[in-house]
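Down below is the structure, laid out as structure tokens.
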Protein chains: 2
Amino acid sequence: MAPRSIDRESDLKSEQSGPQTPGGEAPRYVRIQRILQDRIAQGRYAVGSLMPTEIELSEEFATSRFTIRSALRNLMQDGYVERRQGMGTRVLTANPTTGYYQSFESLQELFQIAVETYLVVLGSEDVVLDAEIAKRIGGDDGPVRAGERWILFESVRWTAPGGRPLSFIQSYVPERFRDHTSAFADHNGPFFDLLETRSQETIIEAQQEIRAMPMPQHVARAIGLREGALSLQLTRRYLTARGILIASVNWHPADKMIYRTRVRRRQSRD
Amino acid sequence: MAPRSIDRESDLKSEQSGPQTPGGEAPRYVRIQRILQDRIAQGRYAVGSLMPTEIELSEEFATSRFTIRSALRNLMQDGYVERRQGMGTRVLTANPTTGYYQSFESLQELFQIAVETYLVVLGSEDVVLDAEIAKRIGGDDGPVRAGERWILFESVRWTAPGGRPLSFIQSYVPERFRDHTSAFADHNGPFFDLLETRSQETIIEAQQEIRAMPMPQHVARAIGLREGALSLQLTRRYLTARGILIASVNWHPADKMIYRTRVRRRQSRD
DNA sequence: TCACCATATTGGTCTGGACAAATATTGATG
DNA sequence: CATCAATATTTGTCCAGACCAATATGGTGA
């Protein structure tokens with residue numbers, strides 16, 4: 001059996017008193033958890049080594065195995081240690097990555113696609129990709145090659161029927177989804193949503209690129225702006241296990257669009 | 001006390017056998033957890049209502065309170081229920097958010113701040129915020145008011161000493177951190193990092209806004225472009241428990257900057 | 001030497017019980 | 001009717017003990 005850090009000194013005042021005297025502060029398993037955490041931080045329990053066993057710890061802290069297990073369970077959930085039956089409790093790291101995260105219920109939420117808007121499909125055509133468009137659709141190292149045939153939809157999103165134009169959208173769909181595109185004309189929500197449902201392929205990843213650029217002529221004309229007007233361009237790719245489900249390029253008038261992100265530190269539970 | 005869903009039917013084969021017969025499959029608390037999960041999904045335990053108490057469940061499943069608690073703890077960790085001492089176990093949702101997520105080790109990673117670049121501080125001055133700047137710094141409903149005094153740093157980030165300019169940066173720092181700003185001039189990394197370390201305040205949230213806009217004259221001049229050149233403007237706010245740690249506004253030449261995001265679907269644990 | 005098996009170790013599951021602490025309910029009181 | 005105190009309810013913490021399942025170890029035999 002692998003060597004094990006042995007430690008018998010007691011950091012916890014023994015508190016001769018009855019079973020659950022809280023000592024005025026945190027419960028016992030929390031205090032023990034903190035002590036163990038400190039020992040890991042100070043290197044007393046080296047990263048990669050095995051910690052004392054539950055029995056040893058319960059003897060050291062003069063407590064039950066139950067209480068030690070509660071402390072160790074929290075350490076495990078916080079990413080400090082790994083526990084394996086028959087093997088023991090191994091120290092993984094002294095600085096568990098808390099990090100930051102951003103999470104969403106849906107991709108609509110992520111991409112801040114307003115639901116209360118109206119989509120008008122201008123038309124669609126088959127296109128053969130040139131090198132630039134292929135790169136735009138597939139990303140820098142994507143699987144999309146120049147010369148492939150894709151279906152291009154162009155549409156405009158409005159605040160309301162007869163309201164203000166919000167954005168111009170080009171959507172590129174692989175040929176294998178041709179049968180599913182008939183529903184695009186009547187659809188108001190984002191196409192990726194419709195396509196994910198109808199194709200039965202689950203989106204596992206989404207990518208987005210944001211650029212500032214002047215609006216090309218035919219884009220500007222479609223939403224009633226002059227050529228070269230300032231725009232925020234959002235390129236999005238939706239990937240399934242089988243490849244790209246759909247890619248879109250959105251132009252927003254610069255003065256009407258702000259893209260917002262908010263991330264929080266992952267809670268570290270103590 | 002609030003009404004409580006009562007349920008006495010047993011879904012678990014009673015397995016007369018000894019204490020820990022695993023029955024060939026998952027441990028008992030896992031099977032009970034799944035049953036409870038199903039009941040929530042089927043609406044038998046309505047969202048918003050209280051589940052049966054631990055005692056009731058332990059009677060129904062003919063098991064100990066310990067086992068029920070293990071099952072309920074998992075349900076809580078998965079976001080199905082909320083538990084409060086003295087109140088009970090309340091059903092939160094039947095569809096805990098699987099959703100999408102994006103996570104980072106550090107905020108540098110999130111904001112794609114290149115490490116291999118060089119920062120030159122042009123200067124700093126005390127400023128009294130006007131309404132527009134206050135809103136820019138604090139956000140739409142932020143705690144920052146016009147008339148407050150902040151410290152403004154202006155700097156330029158370069159590819160290399162004597163290389164190409166990458167971006168122009170304005171950093172707004174609250175007056176209470178004045179003592180820590182002396183180190184800004186010699187610092188090459190992002191200021192929020194330095195400030196977080198020195199001020200001992202932990203960043204709990206970061207916000208970012210992306211706009212496309214023409215470059216103001218003095219910004220353009222600082223990085224050698226003509227006034228009105230297209231730029232991608234990134235406004236970032238770093239928040240601690242005590243308020244805003246630092247806010248910055250970054251201007252990037254439009255043709256040199258693409259902001260990329262990638263998110264993955266969250267793995268669903270079961 | 002290598003493969004295999006018995007054995008010890010160690011965390012995983014579970015019982016049954018006890019008291020503490022937080023919350024809700026009820027009843028008394030003004 | 002409103003307020004406060006007493007009481008009941010419910011989850012939180014903790015104990016002592018038991019057996020199970022997974023892993024590591026050491027010895028045995030081919």
Side-chain angles (χ1 to χ4, degrees), chain A residues 1-6 12 14-34 36 49-77 80-92 269, chain B residues 1-6 12 14-33 36 49-77 81-91:
Chain A
M1 180 144 296
R4 182 180 290 281
S5 319
I6 297 292
L12 209 64
S14 61
E15 270 170 18
Q16 80 309 334
S17 56
Q20 56 272 12
T21 336
E25 306 218 10
R28 201 137 177 195
Y29 70 92
V30 172
R31 282 179 291 158
I32 292 175
Q33 173 192 348
R34 285 203 267 255
L36 298 178
S49 71
L50 291 174
M51 294 195 31
T53 68
E54 296 179 352
I55 301 288
E56 287 169 347
L57 287 172
S58 65
E59 285 169 358
E60 179 194 340
F61 291 107
T63 185
S64 72
R65 197 174 146 225
F66 177 95
T67 303
I68 296 296
R69 281 181 65 78
S70 293
L72 289 177
R73 176 171 50 236
N74 285 353
L75 286 183
M76 185 173 64
Q77 283 175 356
Y80 282 95
V81 301
E82 158 196 59
R83 286 159 66 66
R84 289 259 293 284
Q85 198 173 150
M87 206 180 79
T89 303
R90 188 174 298 279
V91 180
L92 290 177
R269 290 184 8 86
Chain B
M1 181 145 294
R4 183 180 289 280
S5 319
I6 298 291
L12 207 65
S14 61
E15 270 169 16
Q16 81 310 335
S17 57
Q20 55 272 11
T21 335
E25 306 216 12
R28 201 136 176 195
Y29 70 92
V30 172
R31 282 177 293 157
I32 292 176
Q33 173 192 348
L36 298 178
S49 72
L50 291 174
M51 295 196 29
T53 68
E54 296 178 354
I55 301 288
E56 287 169 347
L57 288 171
S58 64
E59 284 169 357
E60 179 194 341
F61 291 107
T63 185
S64 72
R65 200 177 142 222
F66 176 94
T67 304
I68 296 296
R69 281 180 65 78
S70 294
L72 289 177
R73 176 171 50 234
N74 286 354
L75 285 183
M76 187 175 63
Q77 282 175 357
V81 301
E82 158 197 61
R83 285 158 67 64
R84 289 259 294 286
Q85 198 173 154
M87 205 179 80
T89 303
R90 188 173 297 280
V91 180

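Keep in mind that what you see is a predicted model, and the values were worked out from it rather than measured. Throughout, a chain's letter reflects where its sequence line sits, starting with A, and its residues are numbered from 1.
Atom P of nucleotide dT13(D) and atom CD1 of I68(B) are separated by 18 Å, given to the nearest angstrom. For the pair M87(A) CE and dA21(D) P, the interatomic distance rounds to 20 Å; values are reported in whole Å. Atom CG in L75(A) sits roughly 13 Å away from atom P in dG11(C) (whole-Å rounding). Here the P atom of nucleotide dC14(C) and the CD atom of Q33(B) are 12 Å apart, to the nearest Å. With rounding to whole Å, R73(A) atom CZ is found 13 Å from dC14(C) atom C1'. Here dA18(C) presents its P atom at 13 Å from CZ of R65(B), a figure rounded to the nearest Å. Atom-to-atom, CZ of F61(A) to C1' of dT13(D) comes out at 17 Å; the value is rounded to the nearest Å. As a whole-Å value, the separation of R90(A) CZ from dG11(C) P is 12 Å.
Side-chain proximity of E54(A) to dG12(C), dC14(D), dG12(D): nearest is dG12(C). Looking at the side chain of R28(A), the nearest of the listed nucleotides dT15(C), dT11(D), dC15(D) is dC15(D). Taking the side chain of S64(A) as heavy atoms from C-beta on, and the options dC15(D), dC14(C), dT11(D), the nearest nucleotide is dC15(D).
Contact between the side-chain N/O atoms of S70(B) and the OP1/OP2 oxygens of dT13(C) is not found at any separation under 4.0 Å. A sub-4.0 Å separation between OP1 or OP2 of dG12(C) and a side-chain N or O of R83(A) is present. An OP1 or OP2 oxygen of dG11(C) is reached within less than 4.0 angstrom by no side-chain nitrogen or oxygen of R69(A). Using a 4.0 Å cut-off, some side-chain N or O of Y29(B) falls inside it from OP1 or OP2 of dT13(C). The shortest distance between the side-chain N/O atoms of T67(A) and the OP1/OP2 oxygens of dC15(D) is below 4.0 Å. At the phosphate of dT9(D), neither OP1 nor OP2 sits under 4.0 Å from any side-chain N or O atom of T53(B).
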(request) Could you give me the CA-CA distance, side-chain angles and deciding distance for E54(A) and R69(A), then say whether side-chain contact (heavy atoms from CB on, under 4.5 Å) is met? (result) CA-CA 7 Å; E54(A) 296 179 352; R69(A) 281 181 65 78; 2.8 Å; yes
(message) Applying side-chain contact (heavy atoms from CB on, under 4.5 Å) to S64(A) and T67(A), what does each step give before you reach the verdict?
(response) CA-CA 6 Å; S64(A) 72; T67(A) 303; 3.4 Å; yes
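When each of F66(A) and Q85(A) is assigned the nucleotide of DNA chain C bearing its nearest heavy atom, the one mapping closer to the 5' terminus is Q85(A). Residue T63(A) is the one, among T63(A) and R84(A), whose nearest nucleotide of DNA chain D lies closer to the 5' end (criterion: closest heavy atom).
Distance check: T63(A) OG1 to R28(A) CZ gives 4.5 Å after rounding to the nearest 0.5 Å. Going from atom CG of L57(B) over to atom CG of L72(B) covers 6.0 Å, rounded to the nearest 0.5 Å. Annotation: the span from N74(A) atom CG to I32(A) atom CD1 amounts to 11.5 Å, rounded to 0.5 Å.
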